Amino acid sequence: MYAVELKEVSKHFGSVTAVNRLSLRIADGEFFSLLGPSGCGKTTTLRLIAGFEMPSAGEIFIGGNEQGYLPANRRPVNTVFQHYALFPHMSVAQNVAFGLEMSGVPRREIQRRVGEALEMVHLSGLGNRKPGQLSGGQQQRVALARALVNRPKVLLLDEPLGALDLKLRKAMQVELKALQHQVGITFIYVTHDQEEALTMSDRIGVMHKGSLLQVGSPQEVYEAPQTRFVSDFIGDTNHLDGLVTGLANGEAAVQIRGAQQPVRALTVNGVRLGQQVTVAFRPEKVLLDRQAQPDGNTLAGRVVDVVYTGSSTTYLVRLQDGQQVMARQQNAAVSPQMRFQSGDLVTLSWPVHACKAFAE
Amino acid sequence: MHIAKTLRRYPALSAWLLLLPAVGWLLLFFIAPLFIVLAFSFMQGATYGGVKAVFTLSNYARVIDPLYLSTFLRSLYIAILTTAICLLLGFPLAYFIATRPQRLRYALLLALMVPFWTNFLIRTYAWLTILRTNTGLINGTLLALGVIQQPLPLFGNDFAIVLGLVYGWLPDMVLPIYAALERLDRSLLEAASDLYAPRSRVFLRVIWPLSLPGVVAGAMLVFIPSLGAFVIPAILGGGKSLMIGNVISNQFLTARDWPFGSALSILMMAVMLAATLIYFRSATHSQARTARSEVDL
């Protein structure tokens with residue numbers, strides 16, 4: 001049995017399709033992220049599970065039970081809202097107690113569980129404060145405690161760290177993951193931050209224009225993207241346009257305009273001979289040098305920009321035909337004669353297995 | 001230059017200077033007349049209006065006369081009834097408007113205020129033509145059609161007065177409640193239902209306490225002018241059903257007993273002041289009370 005199962009779920013708002021025939025199974029105890037740019041339908045999907053929106057078509061199961069048009073207050077899930085949505089007129093403890101009160105839990109037990117929940121998020125002693133007297137990070141923890149205290153089957157989180165500053169966000173990512181381990185509740189986590197999704201998730205579902213493009217472990221979606229969109233959205237990616245001039249053993253030879261020899265790339269989805277394709281590869285796989293490497297792909301170009309980012313340096317290299325390639329090198333591993341400046345002529349090389357050809 | 005320099009050095013001074021016209025206006029046209037009324041209420045009346053500067057408490061002794069006291073209590077009852085009806089009608093209306101898309105919201109607010117572009121007296125007389133006993137729009141039509149043999153008691157009674165007052169002050173109830181509800185974060189309602197609250201509890205525990213400041217403001221804006229109303233009871237009360245406002249205006253204009261009119265005014269103001277204080281106290285209290293969970297934590 002799955003914690004959550006969506007079968008062919010669609011949601012239309014007037015003529016706009018927010019979610020398009022989405023099917024998804026999320027296992028018990030899983031940390032699942034819905035990742036995508038704003039407007040991709042990830043929040044709508046979450047709201048459909050929560051019961052704030054009703055599907056235009058399809059079925060939603062929670063813990064094996066079809067939810068139909070069950071209103072939000074009768075679903076065994078709880079939500080952590082993007083801007084926390086704490087009740088401003090209630091104290092922290094009253095906020096956390098709200099769900100237990102509504103489900104008729106006895107008074108003594110409420111007191112005990114509220115205390116435990118506040119302890120779990122390190123807010124013991126702040127129970128009498130009003131939400132307005134807390135920092136953003138503390139409010140975030142109250143929102144978590146308020147949801148988790150009910151021990152839901154599934155916890156839904158809608159970009160819960162979006163309003164926090166970078167440092168706090170990183171800390172909370174680690175804490176959230178640990179918390180999920182501790183309570184063993186299924187987390188469905190909506191985010192547009194690919195790094196956040198990669199860090200925390202057991203599995204990631206990448207969404208675009210209302211559809212689920214790919215579902216897999218962080219490693220799968222990062223290393224083996226199935227579509228150009230996924231490869232583009234998860235991490236930095238180089239894209240070069242070219243023509244397929246040869247096909248053999250799951251590899252395509254792609255001629256980039258102005259290049260001396262074709263680029264070899266793994267084919268993903270039905271690439272045909274003579275087709276216009278996009279070749280994708282990660283900046284960190286590209287080696288920069290003054291002369292060509294013996295094997296792998298090689299292209300020549302001129303450095304047009306150098307961006308130093310502490311641990312690494314990113315070079316922007318323009319090819320003969322004007323297309324640009326990013327190359328990222330770890331600063332610690334690089335000798336002084338391998339550092340380049342704008343205007344330098346360089347050779348780019350990268351392994352074939354780290355390069356994919358997507359048909360458009 | 002000298003003055004500008006001084007003002008820059010003492011910003012508080014320029015703030016006070018800016019306040020001066022408003023304070024002067026209030027002192028001259030509000031506070032001073034108020035003290036004159038207070039002073040008059042302790043003096044004896046002159047024969048043809050005006051006052052004699054002789055101290056007396058007799059005006060206040062007359063206020064306790066059952067005749068005036070009952071009018072006063074009836075006015076209080078009408079004002080409270082008007083406020084309650086305005087709240088019952090106004091809250092759902094305000095909620096409806098506040099939850100519409102923005103464009104429609106502004107259109108509805110405008111529609112709410114459009115009637116007020118017409119003069120208040122004219123609108124009140126319009127009600128007169130609708131409600132009048134034999135020839136009014138309602139009774140006249142029903143009598144002519146033979147639906148009723150006797151005219152319905154629509155005019156010259158408390159019903160007509162309360163109807164006129166509710167009609168007159170409803171927007172003053174709706175607008176502050178609307179303002180409070182419009183600020184209400186919709187995700188709070190979703191959060192409440194996400195935490196298993198059925199609709200009724202969402203209202204009682206979240207919507208109502210958070211809209212209370214608007215409700216209190218609206219109640220004050222309706223209650224105070226309703227208690228002192230005299231145009232609406234004069235026209236729709238048909239000269240039979242009077243409120244304390246009519247009695248006061250009669251003392252000044254007809255009976256020419258300025259000291260007694262002043263004493264009645266002071267009494268009314270005292271009641272309004274008390275009501276205001278009670279309202280605000282109870283509002284802050286009940287907000288705290290509804291916020292407090294059933295469990296004490």
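These numbers were taken from a predicted model, which means no experiment stands behind them. Note: hydrogens, waters and symmetry copies are ignored here, and every other heavy atom, side chains too, is used.
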Next item on the list: Flag yes if more than 12 heavy atoms outside B/Y95 fall under 6.0 Å of its OH atom; otherwise flag no.
Entry: yes
### Neighbour count >12 (heavy atoms, 6.0 Å) for atom OH, A/Y2
no
* Asked: So B/S187 and A/Y84, side-chain contact (heavy atoms from CB on, under 4.5 Å) or not? Walk me through it.
  -> CA-CA 9 Å; B/S187 68; A/Y84 320 139; over 6 Å; no
When every non-hydrogen atom of B/L188 is compared with those of A/P88, the smallest separation belongs to CD1-CD, 3.7 Å
(Q) What I want to find out is whether A/E101 reaches B/R201 closely enough, with some N-O distance under 4.0 Å, to be called a salt bridge. (A) no
The interface call for A/L100 against chain B, heavy-atom contacts under 4.5 Å, is neither
Checked A/L156, A/V80, A/L86, A/T79 vs chain B; the most non-hydrogen pairs under 4.5 Å come from A/T79
One should read off an interatomic distance between B/D194 CG and A/M102 CE, to the nearest 0.5 angstrom, of 13.0 Å
May I ask you to check whether over 12 heavy atoms, not counting those of A/K177, lie within 6.0 Å of atom NZ? yes
Cut-off 4.5 Å, heavy atoms of chain B, and the answer for A/R75 is backbone
In terms of heavy-atom contacts, A/H89 and B/L210 come closest through ND1-CD2, 3.4 Å
Around B/Y77, counting heavy atoms of other residues, nucleotides and ligands shown, do more than 12 lie under 6.0 Å from its OH? no
Looking only at heavy atoms, the pair that brings A/F98 and B/A197 closest together is CE2-CB, 3.8 Å
- Message: Within the supplied structure, the quantity of interest is the number of heavy atoms (other residues, nucleotides, ligands) at a distance under 6.0 Å from A/R112 CZ; does it exceed 12?
- Response: yes
For this session: For the residue pair A/F87 and B/L195, establish whether any side-chain heavy-atom pair is separated by less than 4.5 Å.
Result: yes
Minimal heavy-atom distance between B/Y196 and A/S103, with the atoms involved, is CD1-OG, 3.9 Å
- request: Inspect the surroundings of CZ in B/R100 and state if more than 12 heavy atoms from other residues, nucleotides or ligands are less than 6.0 Å away.
  value: yes
